[in-house]
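Let me begin by presenting the structure, written as structure tokens, before commenting on it.
Sequence positions, counted from 1, serve as the residue numbers for this chain.
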Amino acid sequence: VQLQASGGGLVQAGGSLRLSCAASGRTFSSCAIGWFRQAPGKEREFVAVISAIGGASSYAHSVLGRFIIYRDDAKKMVYLQANSLKPEDTAVYYCAATQLGLSPLAHEYNYWGQGTLVTVSS
């Protein structure tokens, strides 16, 4: 699976962005897709993941109720709708694929896209 993230940008606190992850490859439909982020000077952290089948999802506590992950298998796309953005959401956001289910662990993801930068101003 090859992944490409896009949709980042500069937004004011309280605003919204929709991040997109475009996938290619025949195994996409069998992969859970996760979003991770990495802020300057910090470790990469889990944001959200959606299952391969059924649309089950899991979120980090820090984004629960503000972010929504969903997928369109026909288009091979996964989206992260980020609402009520805060300055602490500023980071490079990455999408990644795993066949191990709803994992929050970065090392369980085999495929990674390049990041897209989200900057939230106060």
Taken to the nearest 0.5 Å, the spacing of D73 CG from I53 CD1 works out to 9.0 Å
Notebook entry, point to check: Do we see a donor-acceptor contact under 3.5 Å between the side chains of R18 and Y79?
Noted result: no
Check: Do side-chain atoms of K76 reach the backbone of C21 as a donor and acceptor pair under 3.5 angstrom?
Finding: no
Query raised in the report: Yes or no on side chain to side chain contact (heavy atoms under 4.5 Å, CB included) for V118 and L19, after CA distance, side-chain angles and deciding distance?
Result: CA-CA 9 Å; V118 173; L19 306 184; 3.9 Å; yes
*asked:* I'd like to know if the side chain of D72 reaches the main chain of K75, judged simply by a donor and an acceptor atom lying under 3.5 Å from each other, with no hydrogens or angles considered.
replied: yes
Side chains of V63 and R37: closer than 4.5 Å at any heavy-atom pair? yes
Rounded to the nearest 0.5 Å, the CG atom of L10 sits from the OG1 atom of T90 at a distance of 8.5 Å
Note to self: Hydrophobic cluster membership, with links at side-chain heavy-atom distances under 4.5 Å among I/L/V/M/F/W/Y: are L64 and W35 in one?
What the structure shows: yes
Q. Is a donor on one side and an acceptor on the other found under 3.5 Å between the side chain of R71 and the backbone of S51?
A. yes
In short, V1 meets A97 closest at the heavy-atom pair CG1-CB, 4.4 Å
Between G101 and V49 the two heavy atoms that sit nearest each other are O-CG2, 4.4 Å
Is a donor from one side chain sitting under 3.5 angstrom from an acceptor on the other, for N83 and S16?
yes
Practice prompt. Kindly work out whether a path of hydrophobic side-chain contacts (I/L/V/M/F/W/Y, heavy atoms less than 4.5 Å apart) joins Y70 to F28.
Written response: yes
Shortest non-hydrogen pair, A39 vs A91, comes out as N-CB, 3.8 Å
With no hydrogens and no angle check, is any side-chain donor or acceptor of T98 less than 3.5 Å from a backbone partner on E108?
-> yes
Does the side chain of I69 reach to within under 4.5 Å of the side chain of V78, using non-hydrogen atoms? yes
Value for OH (Y111) from CG (L3), rounded to nearest 0.5 Å, stands at 9.5 Å
Checklist entry - Are side-chain heavy atoms of Q12 and L85 found at a separation under 4.5 Å? => result no
Separation between CE (M77) and CD1 (I33), nearest 0.5 Å, reads 11.0 Å
For the backbone of A23 and the side chain of Q4, can you confirm whether one donor and one acceptor N or O come within less than 3.5 Å of each other? no
CD of E88 to NZ of K42, rounded to nearest 0.5 Å, is 8.5 Å
*Do K86 and R66 have side-chain heavy atoms sitting under 4.5 Å apart?*
yes
- Message: Would you say the rings of F36 and W112 are close, in the sense that their centroids are separated by under 6.0 Å?
- Response: yes
>> Closer than 3.5 angstrom, by distance alone: can the side chain of Y109 be matched with the main-chain N or O of S103 as a donor-acceptor pair?
In response: yes
- Side-chain donor/acceptor of S57 to backbone N/O of I50, under 3.5 Å: no
Heavy-atom distance under 4.5 Å between the side chains of V92 and T116, does that happen here?
-> no
Exactly one candidate in Y59, F67, Y94 meets side-chain contact (heavy atoms from CB on, under 4.5 Å) with V47; the answer is F67
